[in-house]
Amino acid sequence: MSESRKPFPFSQFEPKWQSRWDAENTFRTPNPGEASFDATKPKYYVLDMFPYPSGAGLHVGHPEGYTATDIIGRYKRMRGFNVLHPMGYDSFGLPAEQYAIKTGQHPAITTAANIETFRRQLKSLGFAYDWEREIATTDPEYVRWTQWIFLEIYNSYFCEEANRARPISELEAKGWSREQIDAERLAFVADTPVWWSPDLGTVLANEEVEEWKSKGHTVERRPLRQWMLRITKYAQRLIDELDTLDWPEGIKLLQKNWIGRSEGAEVKFQILNYNFQIEVFTTRPDTLFGATYMVLAPEHPYVPLITTEENKSAVETYQKSISSKSDLDRGDLNKDKSGVFTGAYAVNPVNGEQIPIWIADYVMMGYGTGAIMAVPAHDDRDFEFATKFKLPIRGVIQPKEDWVNLAVKQYLDLSSSIDSVSTYAEEDEIKHRLEHGVWIYDKLAFVQAYTELGVSINSGFLDGLTTAEAKSKMIDWLVSNNQGKRKIQFKLRDWLFSRQRYWGEPFPIIWKDGQHYALPDDQLPLLAPPLDDYKPSGTPDPLLSKATEWVNLPDGFTRETNTMPQWAGSCWYYLRYCDNKNSDRFISKEAESYWTSEKPGMVDLYVGGTEHAVLHLLYARFWHKVLFDLGHVGTPEPFQKLVNQGLILGEDGQKMSKSRGNVVNPDDVVKEYGADSLRLYEMFMGPLEQVKPWQMKGVEGVSRFLARVWRLAITEEGEVSDKVVSEACTDKELSRVVHETIKKVGEDIEKLSFNTAISQMMICTNAFTQAGKVPVKEFIQFLTVLNPFAPHLSEEINEHVTKAFNLPTASLSESVWPMYDEQALVRTECELVVQVNGKLRDRIWMAMDASEDDAKALAFTSEKIKELTEGKELRKVIYVPGKIMNLVVS
RNA sequence: GGCGGUUUGGCGGAAUUGGUAGACGCGCUCGACUCAAAAUCGAGUUCCUUGUGAGUGUGGGUUCGAUUCCCACAGCCGCUACCA
């Protein structure tokens, strides 16, 4: 499109305003202590999830959330807030390193180039960021404080009594040994089975495995020495304190399920002919009388001990077949239950029964104790296993009658359909067996485990109790007989915190004689040395171990060669924005306390995609809580209000992807329609949180709207149109629409309902067009309201108009949000809807405040209404003034 | 399998202390301007068997009145997955 064909000259004025904002530092947010700081202004912290600066540049999903926060930020500024609205880059990560392997280029170089691109793209959209607060997680000064926070975590333990972290020095003061202390640290070293990828040359987090496997990389399970963070200590607080946050309920639930709290009991089973016990975790201690076998995870340490000679080879073969499968395969591909008998028996503590011990891959070593008591009558998985291997099934919960009847019916259907004579004789017998828990484990296709709660049967001292009562009574029995205890189990595991990559923060840790030591603060930041070759060595040694000069220190010390995962930087970046230039602390006390809310969460509004619902948002909460416990921050939570923007799909309604060829590049849209059009379109598509498809025609639509606003005031020659007049507005209807718009747009921004705000501004523009004359006062009010959405266009028009009318030429960015006039909103007349028996029959103009009798009288002047009610009895009249009148007749 | 979200014209969507369903935009139709087209402006646009008609995924319920509240079910999307 040539310049002359453009409906308004955005390609001239957009760069103009962007460079002016840059040069004048318009959106600089002063901190306490700065000259321009105004202590009377309230603070507002609105945050975007910062991007990973990939080589592909910004995609249209980024500006969705970024525009939303930009509108809020600009609006809050106009409302007199000191707004913190920063941007940065989550710049460590595997792709930069993969690129380095291919090209030999240092990741710092490609990362810097990518950041450059992102910054240019972000600036081209006119976001009102305080660019002086920009950070990148790879900046040495940033790395320094990431490492410092790690050491804070390393130097802390979790005090159970206080339910919070405390400095490790307290334990030193108590005279604890080095070994005892290391066992308590919130950052600790453990040998753990991890996912190791030989061709990537690193371990991967569980959640990363699938992604890299799908890209053709291989992964295998290996026990390796790893750094872990003790996030499990915070499991309960991470659940409880969600209630204090203004987050979408779905996200809260996702986190709760991820943490996965379940209440139950740990039960000890004596192993027959051995002098030790195996503990199992169960959420249903009330069904202990129904435990007819035990299952251990194939990796359970007791398996080799208890396996009998004759079962040994089968057990070992099975273990081998399992170790090559991933957890995912174990779940996904292996729907069929498998397992083998160890030859050993356990003793059910409650009835002395000897029950066989099996191993099976449906029991995971990583959850609970890696061993279960199987109650096939009341657990689907156990039931499936028991029927497959013909293990006994005993019902211990009285099933409901309709369940029994259904099962009997299914049995009858089944036996008639296969046309065989039932070996179980009568319907009555089946029914009797089901009711009394005397389950038959042969030909059970007609029945499933009874997993509902109920009343205990066949359970000795529990008989007749409800499930809740029975659970509690059984736990009491276990405790008093020293056979078990109450137990709360979490799914959440400790956080595997080390990677063998190059492009991440090195651990500020050194080793000597198998003992780790913290690097002193004055040696931070510890940066990774440049390497000649970034290729993985093929061994699980971290890449950094290749830099032998860097690794080997005097006096027999060596450096830790693992690096931190990408999450580390994103765990605290919102804190650094508050005080990003501080070289003495990660954030000054003054800055921290100024930007902290009275509410539990520090950041007032956090906008980003759902993909971070658990990991990033859980990790950041965890770090924040540790920092809170140690007195470094004043709130227990990082993010008070969270909003998830919905995914933007391609025009075909599918997820955007290169392979589908439906990717929209924001640069192209800016070039063709301008930044304001892109911003406005992304907000006009639909509700922020909703998934919605892209439509190029929609961009044209909002672009046309902006062009109409432009033409209201500016002629083709670029002069201020003579339609714009200085006289006060005499058009009551126009005045009403303008004030309605001021009101509604403000309310809608507060609700984050940007699409409806825009539609109201369209209505307002149409009203100006209809009116023919554009009163300058009302028009500037409208431009002010439009400014957060389309900052360039509104500023440009405002500049033209204020100059032409010799008005003060303050930029809209420095303006105050206009007040609307209640008087101007008042309507005196309305079109009342008249219904007969609930159906719309007529509309009649009348005074807004007409009395019911007057309104009724007016309604009956209508021919239609007369016709429809003639000769009928008027039973009831419902009258809602200004809205509706319903005449009920019969 | 579990959890969450969602379902309204040809399309994106609007409307909930229950009160005119389809705001606003796209698309389409017609008109004006033009030699013509584009752009722009104006009018119209839920559907049909044009009726005292039907209609917000389907079936029921509450109500003078239901997109909105209740019950049951279904489709689509996302996340998660043998968690004992």
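Lettering of chains follows the sequences in order, A, B, ..., and the numbering in each one begins at 1. In this text, all values refer to a predicted model and were calculated from it rather than measured experimentally.
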Review point. For A:E266, which contact category applies under a 4.0 Å heavy-atom criterion: base, sugar-phosphate, or nothing?
Key: nothing

Review point. Among B:G42, B:A54, B:C24, which nucleotide sits nearest the side chain of A:K839?
Key: B:A54

Point to revise | Separation of the C1' atoms in B:A66 and B:G60, to the nearest angstrom | key: 14 Å

Practice item. Mind calculating the distance between CG (A:N886) and P (B:G19) to the nearest angstrom? Key: 13 Å

Review point. Short question: side chain of A:E682, backbone of A:T67 - any donor-acceptor pair under 3.5 Å?
Key: no

Exercise for review: Assess A:K337 against A:F385: is NZ or CZ under 6.0 Å from the centre of the six-membered ring, and within 45 degrees of the ring's axis?
Suggested key: no

Review point. Please give, in whole Å, the distance from B:U63 C1' to A:I878 CD1?
Key: 10 Å

Check your understanding: Would you say the side-chain atoms of A:Q255 pair up with the backbone N or O of A:A613, donor to acceptor, closer than 3.5 Å?
Key -> yes

Revision key, fill the gap. Those stems involving RNA chain B that have three or more consecutive Watson-Crick or G-U pairs, both distances under 3.5 Å, are B:1-7 with B:74-80, B:10-12 with B:24-26, B:27-32 with B:40-45, B:57-61 with B:69-73

Review point. So what does A:G701 touch, heavy atoms closer than 4.0 Å: a base, only the sugar-phosphate, or nothing?
Key: sugar-phosphate

Check your understanding: Is A:T610 touching bases, backbone alone, or none of the nucleic acid, heavy atoms closer than 4.0 Å?
Key -> nothing

Practice item. Considering only atom C1', compute the distance from B:G22 to B:C71 and round it to an integer number of Å. Key: 28 Å

Check your understanding: Is A:N766 touching bases, backbone alone, or none of the nucleic acid, heavy atoms closer than 4.0 Å?
Key -> sugar-phosphate

Exercise for review: Can you figure out which of B:U20, B:C3, B:A84 approaches the side chain of A:T282 most closely?
Suggested key: B:A84

Check your understanding: Between the side chain of A:E689 and the main-chain N/O of A:G646, is any donor-acceptor distance below 3.5 Å?
Key -> no

Review point. For residues 694-706 of chain A, which residue pairs qualify under side chain to side chain donor-acceptor pair (under 3.5 Å), counting only residues two or more places apart or in two chains?
Key: A:Y673-A:E700

Review point. Does A:K252 reach the main-chain N or O of A:L242 with its side chain, forming a donor-acceptor pair under 3.5 Å?
Key: yes

Point to revise | Under 4.0 angstrom between A:N755 side-chain N/O and B:A14 OP1 or OP2 | key: yes

Review point. A:N837 CG to B:G65 P: how many Å, rounded?
Key: 8 Å

**Study point:** Sequence neighbours excluded - ring pair (Phe, Tyr, Trp, His ring centres under 6.0 Å) pairs with any residue from residues 868-887 of chain A
**Key:** none

Check your understanding: Base, sugar-phosphate, or nothing: which does A:Q690 touch, judged by heavy atoms less than 4.0 Å apart?
Key -> sugar-phosphate

Point to revise | N-glycosidic conformation, B:G9 - syn within 90 degrees of 0, else anti | key: syn

**Study point:** Within residues 287-296 of chain A, residues whose heavy atoms come under 4.0 Å of RNA chain B
**Key:** none

Check your understanding: P atom, B:C70 versus B:U17: distance in rounded Å?
Key -> 15 Å

Review point. Which value, in whole Å, describes the distance between the C1' atoms of nucleotides B:G13 and B:U8?
Key: 9 Å

Review point. Do you know which of A:T741, A:V709, A:L706 makes side chain to side chain contact (heavy atoms under 4.5 Å, CB included) with A:T765?
Key: A:V709

Review point. What does A:K491 touch in the nucleic acid at a heavy-atom separation under 4.0 angstrom: a base, only the sugar-phosphate, or nothing?
Key: base

Review point. How is A:V833 classified with respect to the nucleic acid when contacts are heavy atoms under 4.0 Å: base, sugar-phosphate, or nothing?
Key: base

Review point. Is a donor-acceptor pair below 3.5 Å formed from side chain A:K337 to base B:C82, judging by atom type as modelled?
Key: yes

Practice item. Could you give the distance separating B:G10 and B:C33 at their P atoms, to the nearest angstrom? Key: 34 Å

Throw together a table of side-chain donor-acceptor distances under 3.5 angstrom for residues 829-847 of chain A, partners on residues two or more places apart or in other chains.
unit_1	atom_1	unit_2	atom_2	d
A:N837	OD1	A:V889	N	2.9
A:N837	ND2	A:V889	O	3.4
A:D842	OD2	A:S862	OG	2.6

Exercise for review: For A:T342 and A:Y302, run side chain to side chain donor-acceptor pair (under 3.5 Å): C-alpha distance rounded to whole Å, both residues' side-chain angles, the deciding distance at 0.1 Å, then the answer.
Suggested key: CA-CA 11 Å; A:T342 60; A:Y302 283 167; over 6 Å; no

Check your understanding: So what does A:R875 touch, heavy atoms closer than 4.0 Å: a base, only the sugar-phosphate, or nothing?
Key -> nothing

Review point. On a whole-Å scale, what distance lies between the C1' atoms belonging to B:A37 and B:G53?
Key: 43 Å

Revision key, fill the gap. Among B:C64, B:C26, B:G12, the one nearest any side-chain atom of A:F684 is B:G12

Exercise for review: Select from A:R843 and A:K692 the residue whose nearest nucleotide in RNA chain B is closer to the 5' end of that strand.
Suggested key: A:K692

Check your understanding: Say you pick atom C1' in B:C11 and the same atom in B:U45; how far apart are they, in whole Å?
Key -> 14 Å

Point to revise | Pairing residues for A:F289 by the ring-ring contact (aromatic ring centres under 6.0 Å, His included) criterion, not counting sequence neighbours | key: A:F461

Revision key, fill the gap. Ranking A:K876 and A:R711 by the position along RNA chain B of their nearest nucleotide, the one closer to 5' is A:R711

**Study point:** Length of the CE-P vector between A:M762 and B:A14, whole Å
**Key:** 14 Å

Practice item. Grab the CZ-P distance between A:F705 and B:G13 for me, whole Å please. Key: 20 Å

Study note, to complete from the structure: note: A:E867, atom CD; B:U52, atom P; distance rounded to Å ~ 9 Å

Exercise for review: Could you tell me the separation between the CH2 atom of A:W258 and the P atom of B:G2, rounded to a whole number of Å?
Suggested key: 20 Å

Practice item. Sticking with atom C1', work out how far B:U6 lies from B:U67, rounded to a whole angstrom. Key: 14 Å

Check your understanding: What is the distance from CZ of A:F269 to P of B:A84, rounded to the nearest Å?
Key -> 16 Å

Point to revise | Phosphate OP1/OP2 of B:G42: any A:Q770 side-chain N/O under 4.0 Å | key: yes

Point to revise | Phosphate OP1/OP2 of B:U20 contacted by A:R841 side-chain N/O (<4.0 Å) | key: no

Exercise for review: Identify whether any heavy atom of A:L253 sits under 4.0 Å from a base atom; if not, whether one sits that close to sugar-phosphate; answer base, sugar-phosphate or nothing.
Suggested key: sugar-phosphate

**Study point:** Worked verdict on A:V699 versus A:L678 for side chain to side chain contact (heavy atoms under 4.5 Å, CB included)
**Key:** CA-CA 7 Å; A:V699 186; A:L678 174 65; 6.0 Å; no

